[in-house]
Amino acid sequence: MELRTENLIGFDYSAKGSKKFQSFNPLTNASNPWEFSVATAAECQLATQKAAKAFEIYQQTSLKDRSKFLRAIAQNITDLGPHLLETYCLESGLAMGRAQGECARTIGQLEGFAKALDSGQYLEPTIDTADPSRSPIPKVDLRKLNQPIGPIVVFGASNFPLAYSTAGGDTASALAVGCPVIVKAHPMHPATGSLVTTAILQAAQQTGMPDGVFSNLNSNTFELGQQLVQDPRIKGVGFTGSVSGGTALYQLAQNRTEPIPVFAEMGSVNPVVVLPEALDQSDSWAKSYASSITLGSGQFCTNPGLIFCIENPKLDTFIETLKKELSTIEANSMLHPSIHKSFERGRATVEENATLIGQSKGNESLSYPGRGSIYQVDASTFANNPRLHQEVFGPLSLLVRCQNIEELIPIIQSLEGQLTGTILGTTSAIKQASKLVEVLKSRVGRLIFNGVPTGVEVCTAMQHGGPFPASTDPRFTAVGVHSMKRWLRPISYQNWPDEFLPEALKASNPLGLWRLIDNQWTKN
Ligand code: NAP
């Protein structure tokens, strides 16, 4: 398939601007061959106009038609085959196995949302029937369901060129509920994005979706993203990236005449607490953690950045094994020179206050190696240095030695919000550490017992979001079917004539949904 370097605006390709940029291959240390056209302000405006127009039609499409659209996207991405995967590798330096896994996840997510449309339960139809005889005031008939909020801007993530970019979770969840999407492609992988864009364009045309249901805009500067977030036709934003980027866009959105929600998934250090009882299995935990810290060169939002250990006689053996396991793992390339640079900067900051205790094997052949590193610090130094609490995006973990649980509790309390918190121990040890568990619970979106935080299952019960700065709104998840809720708002119909009600609320229940009627779940 031909790789297009223009912007896609609805059903038309466009390259009106004179500015161009290229993506970069960190393995060859050279730019990739394609030159992408930076979208102009006028092209950006056209995309939002088309999205607003498309919303009028798209929000009325049936669950079945949108489900067909999502399945067609999934099929078209599958059909891109090795071309897509090879392009992904050229733009990320990631291995073919990771490309295959992430592509499968992207397709699985699209199919998951299509299934959610087949069931239709995300509409949450709720009915309180009228009681004209109620005294002194007769009760009205009220019927509520979720409806789409409008055109959404999605910022592609640098670390997930497929699963959290062009047709990733944010896009798929928004398209599922009836919101048109404009993707601000991440400049580290525009070619990967362009191929996926073609798959979406074809799917939209194959399934009769309106012009403007999807656009893909390229840029390597902040202006385009800022213009999109400030455009009054945009009604919501999905973002994955840095705390500074997410916060800047969130503030722009809140300063609009009509503020809109920004669901930004940002930094997390994912604290892990190693209770002494866990060290009966210290070898296996050391192995699991050496691999979790270095997985994908640590470029995951769930990377275990902080490991809190309680002093006990087996701790030194655990640390020795962790060092040994880490030293057997070879460094892989990081995604981009800028990410490598910021990793090295973060590492230098940690090194000012902590001691390096273990590293993965170097790799001379790489220009931008993400060398796995473990540092150690005592609890009071950690407590007094808030910079050590910050995420260092890459394969780095800071091991904090605490005298006892009492010393650890206020430290956990002082941490910023996190996506995950993990406890390694036994069930009886957890029982004794109940205060610690409560404190950890208050800081995180997902609590893990005896596991590693990396590896985010895509399923309905997954919560991928947490108190700020893990995400801007901890009430929502960025992963799983419930991520659709970010793009919905409830509307109530009062005494509305049945023939004009949405199908999900009609008396005959033509969609056969479970509905909460007068506080009873029923399909009647
Ligand atoms: P980023 O710098 O936050 O950029 C993400 C996207 O947001 C890009 O498209 C960028 O635009 C845009 N953007 C950022 N700041 C903006 C602003 N002030 N106004 C308008 N648009 C803005 O993240 P990144 O490029 O993925 O990586 C940089 C760093 O972010 C990493 O080193 C890492 O520390 C962190 N990061 C964290 C996670 C995580 O999951 N925790 C994931 C990815 C990255 P342009 O690129 O067009 O300039």
Side-chain angles (χ1 to χ4, degrees), residues 7 19 21-24 26 36-39 44 91-92 94 153-161 163-166 168-170 182-190 193 216-231 234 237-253 255 262-270 295-305 334-347 349-350 368 370 390-396 416-420 445 453-454 456 464-466 468-472 478-479:
N7 300 289
K19 289 188 192 152
F21 71 95
Q22 291 163 281
S23 59
F24 192 84
F36 290 87
S37 179
V38 172
C44 173
E91 293 196 309
S92 65
L94 293 167
V153 168
V154 170
F155 285 80
S158 60
N159 57 342
F160 279 101
Y164 272 83
S165 286
T166 325
D170 289 344
I182 300 175
V183 168
K184 151 63 181 83
H186 198 288
M188 290 182 199
H189 44 73
N216 182 61
L217 303 179
N218 286 305
S219 155
N220 61 344
T221 62
F222 291 170
E223 283 80 11
L224 176 69
Q226 291 171 348
Q227 186 185 340
L228 282 167
V229 171
Q230 289 176 300
D231 189 297
I234 297 302
V237 178
F239 172 94
T240 305
S242 64
V243 176
S244 59
T247 310
L249 294 170
Y250 177 82
Q251 280 165 355
L252 271 186
N255 288 333
V262 174
F263 298 101
E265 197 240 281
M266 306 174 288
S268 186
V269 274
N270 305 297
L295 188 71
S297 295
Q299 298 162 119
F300 287 123
C301 44
T302 50
N303 193 57
M334 298 201 77
L335 289 164
H336 193 268
S338 67
I339 292 203
H340 179 256
K341 194 169 157 197
S342 91
F343 171 63
E344 287 300 336
R345 214 176 22 234
R347 207 154 72 86
T349 304
V350 171
Y368 307 102
Q390 307 297 318
E391 179 183 44
V392 176
F393 192 65
L396 182 145
E416 292 182 323
Q418 307 291 337
L419 290 171
T420 72
T454 42
V456 179
H464 192 71
F468 187 89
S471 55
T472 41
V479 172

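In each ligand, atom 1 is the first atom listed, and ligand 1 is the first ligand listed.
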Answer with yes or no whether [X] contacts ligand 1, where contact means a heavy atom under 4.0 Å from a ligand atom.
{"X": "Gly225", "value": "no"}
{"X": "Glu391", "value": "yes"}
{"X": "Phe239", "value": "yes"}

Minimum heavy-atom separation for [X] and [Y], please, with both atom names.
{"X": "Ser158", "Y": "Leu335", "value": "O-CD1, 3.6 Å"}
{"X": "Asn7", "Y": "Val38", "value": "ND2-C, 4.1 Å"}
{"X": "Gly267", "Y": "Val243", "value": "N-CG2, 3.5 Å"}
{"X": "Ser297", "Y": "Met334", "value": "O-CE, 4.0 Å"}

Shortest protein contact, [atom] (heavy atom only):
{"atom": "atom 15 (N) of ligand 1", "answer": "Gly245 CA, 3.2 Å"}
{"atom": "atom 45 (P) of ligand 1", "answer": "Lys184 NZ, 3.8 Å"}
{"atom": "atom 46 (O) of ligand 1", "answer": "Pro187 CG, 3.1 Å"}
{"atom": "atom 12 (C) of ligand 1", "answer": "Phe155 CD2, 4.1 Å"}
{"atom": "atom 38 (C) of ligand 1", "answer": "Phe393 CE1, 3.4 Å"}
{"atom": "atom 1 (P) of ligand 1", "answer": "Ser242 OG, 3.5 Å"}
{"atom": "atom 25 (O) of ligand 1", "answer": "His186 NE2, 2.8 Å"}
{"atom": "atom 40 (O) of ligand 1", "answer": "Cys301 CB, 2.9 Å"}

At a 4.0 Å threshold, what atoms of ligand 1 neighbour a non-hydrogen atom of [X]?
{"X": "Leu249", "value": "19 (N), 20 (C), 21 (N)"}
{"X": "Ser342", "value": "32 (O)"}
{"X": "Met266", "value": "39 (C), 40 (O), 41 (N)"}
{"X": "Asn159", "value": "40 (O), 42 (C), 43 (C)"}
{"X": "Ala248", "value": "18 (N)"}
{"X": "Ser219", "value": "47 (O)"}
{"X": "Gln226", "value": "17 (C), 18 (N), 19 (N), 20 (C)"}
{"X": "Asn220", "value": "47 (O), 48 (O)"}

Under the 3.5 angstrom rule, does the side chain of [X] hit a backbone N or O of [Y] as a donor-acceptor pair?
{"X": "His189", "Y": "Asn159", "value": "no"}
{"X": "Gln418", "Y": "Glu416", "value": "yes"}
{"X": "Asn220", "Y": "Pro187", "value": "no"}

Residues in salt bridge (charged side-chain N to carboxylate O under 4.0 Å, His left out) contact with Glu344, at least two apart in sequence or another chain: Arg347

Contact check: Thr221 vs ligand 1, nitrogen or oxygen atoms, below 3.5 angstrom: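 There is such a contact, yes.
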
Atom 28 (C) of ligand 1: any protein heavy atom closer than 4.0 Å: no

Phe300, CZ: over 12 other non-hydrogen atoms inside 6.0 angstrom: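 Correct, the count exceeds 12.
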
Donor-acceptor pair between Thr420 and Asn270 side chains, under 3.5 angstrom: yes

Tyr164, Phe222, Phe160, Phe343: member with heavy atom nearest to atom 22 (C) of ligand 1: Phe222

Per atom 44 (C) of ligand 1, closest listed option by heavy atom (Gly267, Ser268, Gly241): Gly241

Phe21 and Phe36 aromatic ring geometry - parallel, tilted or perpendicular at 30°/60° bounds: tilted

side-chain contact (heavy atoms from CB on, under 4.5 Å) partners for Thr221, two or more places apart: Ser219, Glu223

Residue among Leu419, Asn303, Thr302 satisfying side-chain contact (heavy atoms from CB on, under 4.5 Å) with Ser268: Leu419

